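Quick caveat: nothing in here was measured; it's all calculated off a predicted structure. Sequential numbering from 1 along the given sequence is applied to the chain's residues.
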Amino acid sequence: EWGPGTLVIATSASGGSVETLDALDRLDPTATTVALTNTAGSAITERCSATVELLAEPELGGVACRSFQHTLVLLLALECQLTGTPIDELTTTVEMAAQASDHLLTHESDWLPTVSECLLGPVETHLCAPAHRLSSAQQGALMFREGPRRSAIGCETGDWSHVDVYRTKNTDMRMLVFAGSAWEAQLAEWTGPRQTTVVAVGGAVATATTCVRYPGDGVDDVRLLTETLVPELVAARAWQASV
C-alpha cells in the first residue's frame, strides 16, 4: 500500500528504462521516490524526488557492468542507513571487493582461457547462485546473452535441480556455479553422473572441472560485489573475438 512515508528506489543505469518510468507514473504521488542512475539529467531524474548518481562512468560497450556493481553497493548502503548499522563494515567490504576485482583482472590470463573453454560450449551456459545472490546468476547470464549473443540461463542453485536439470540429459550444457548454496550437493548428484562441465567461482563445488578463487571470497558480500566479473570477462572476450 503506497502513501506518505513510502520510500521507492527506482533503478535505471540509462535513466530511460520505460517500464521503470511507467511504474513511477503509477505510484501514489505522496510516496518519496529516489532515482539510482548512471545518467545525470535523464528522464528518471525528472520523475523522482531525489537522485543518487551511480558514478560508474560511461560504459562504452552499452552493457551494464560497473553500474550493476555500483547499484549493489548503494543498496547495501541504504540497508545500513535504514537499519542504523554503522557504515564502517560496508566500507571495508567495498575495499575488499576492489582488491578482489583487481586480482581477477590482473591474473585474467591465468584463469580465463580455461574457464572460457569450459563455459563456451556449443549449446548453452547455465549460471547458478544461492538464493540471496541470485542477482549474480541473472547478471552473468545477461552478459552472455547481451554481449556475444549466446544462450544462457540464470537460476537459483536449489531450483536448478528441479527445473533446468533436464537440459543436462541430452545437450552439452555448460555450467558456472557461484559457491555458497546449501543445495550444491543436490546439484552434484545430477552433474556428476551426467558429466556436466562445471566451473566453480568463489569456493569449491563438487564435480567442478576448475575453480576460480580470489582474495576475500569467504565473505558473502565480497562475493556479491566481485563474482559477476568472471562471467562478464568471459562474455566480453568472446564478444571481442566475434567482431
Side-chain angles (χ1 to χ4, degrees), residues 68 97 100-101 103-104 107-239 241:
F68 174 78
S101 297
H103 174 86
L104 288 173
H107 297 279
E108 177 183 332
S109 61
D110 295 333
W111 60 266
L112 191 134
T114 299
V115 170
S116 294
E117 183 178 359
C118 289
L119 292 181
L120 301 178
V123 184
E124 62 191 1
T125 305
H126 286 204
L127 297 93
C128 292
H132 59 287
R133 300 201 320 273
L134 177 58
S135 61
S136 294
Q138 294 173 327
Q139 169 73 358
L142 176 62
M143 295 301 100
F144 283 104
R145 296 194 299 264
E146 193 169 359
R149 298 292 194 263
R150 299 182 62 91
S151 177
I153 295 172
C155 194
E156 187 269 319
T157 307
D159 194 41
W160 181 88
S161 294
H162 299 282
V163 177
D164 294 313
V165 61
Y166 303 104
R167 299 293 290 162
T168 63
K169 191 171 184 179
N170 54 10
T171 68
D172 183 7
M173 194 201 76
R174 309 302 177 89
M175 175 176 286
L176 184 156
V177 179
F178 295 112
S181 170
W183 307 112
E184 287 166 10
Q186 178 181 231
L187 179 147
E189 292 176 5
W190 296 100
T191 58
R194 293 182 178 177
Q195 298 182 321
T196 303
T197 302
V198 177
V199 172
V201 174
V205 173
T207 77
T209 300
T210 189
C211 180
V212 180
R213 303 298 301 265
Y214 48 85
D217 62 14
V219 180
D220 216 50
D221 281 344
V222 174
R223 285 172 165 173
L224 176 69
L225 297 176
T226 305
E227 60 192 4
T228 56
L229 183 57
V230 173
E232 286 172 353
L233 284 173
V234 172
R237 301 312 179 214
W239 187 8

- Query: More than 12 foreign heavy atoms under 6.0 Å from CD of Glu108: is that the case here?
  - Reply: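 Atom CD in Glu108 is crowded, with more than 12 foreign heavy atoms closer than 6.0 Å.
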Roughly how far apart are [X] [atom1] and [Y] [atom2], rounded to 0.5 Å?
X	Y	atom1	atom2	answer
Thr168	Gln195	OG1	CD	11.5 Å
Glu124	Leu119	CD	CG	12.5 Å
Trp190	Met175	CH2	CE	12.0 Å
Ile153	Asp164	CD1	CG	5.0 Å
His103	Asp110	NE2	CG	8.0 Å

- When you look at Thr207 and Thr191, which way does the side-chain hydrogen bond (donor to acceptor under 3.5 Å, both in side chains) test go after all the steps? CA-CA 7 Å; Thr207 77; Thr191 58; 3.0 Å; yes
Give the minimum heavy-atom separation between [X] and [Y], together with the two atoms involved.
X	Y	result
Gly154	Ala141	N-CB, 3.5 Å
Ser161	Val165	O-CG1, 3.3 Å
Glu156	Ser181	OE2-OG, 4.4 Å
Ala179	Pro130	O-CG, 4.0 Å
Cys211	Gly203	SG-O, 3.3 Å
Cys155	Leu134	C-CD1, 3.7 Å

Has the side chain of [X] got a donor or acceptor atom that lies under 3.5 Å from a matching backbone atom of [Y]?
X	Y	result
Trp160	Leu187	no
Arg133	Arg223	no
Ser116	Pro113	no
Arg174	Thr125	no

- Under the side-chain contact (heavy atoms from CB on, under 4.5 Å) criterion, do Trp111 and Leu104 qualify, and how do the steps go? CA-CA 8 Å; Trp111 60 266; Leu104 288 173; 3.9 Å; yes
Just wondering, do [Y] and [X] contact through their side chains at under 4.5 Å, heavy atoms?
X	Y	answer
Ser135	Leu224	yes
Met143	Trp239	no
Arg167	Val123	yes
His126	Thr196	no

- Query: Stepwise, does the side-chain contact (heavy atoms from CB on, under 4.5 Å) test hold for Val230 with Tyr214?
  - Reply: CA-CA 11 Å; Val230 173; Tyr214 48 85; 5.5 Å; no
- Where do Phe144 and Leu176 land on the side-chain contact (heavy atoms from CB on, under 4.5 Å) test, with the steps shown first? CA-CA 12 Å; Phe144 283 104; Leu176 184 156; 5.6 Å; no
- Thr226 and its side chain to side chain contact (heavy atoms under 4.5 Å, CB included) partner, picked from Pro215, Ser136, Ser101: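 By the side chain to side chain contact (heavy atoms under 4.5 Å, CB included) criterion, Thr226 pairs with just one of Pro215, Ser136, Ser101: Ser101.
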- Task: List the steps, then state whether side-chain contact (heavy atoms from CB on, under 4.5 Å) holds for His162 with Gln186.
- Result: CA-CA 10 Å; His162 299 282; Gln186 178 181 231; 3.5 Å; yes
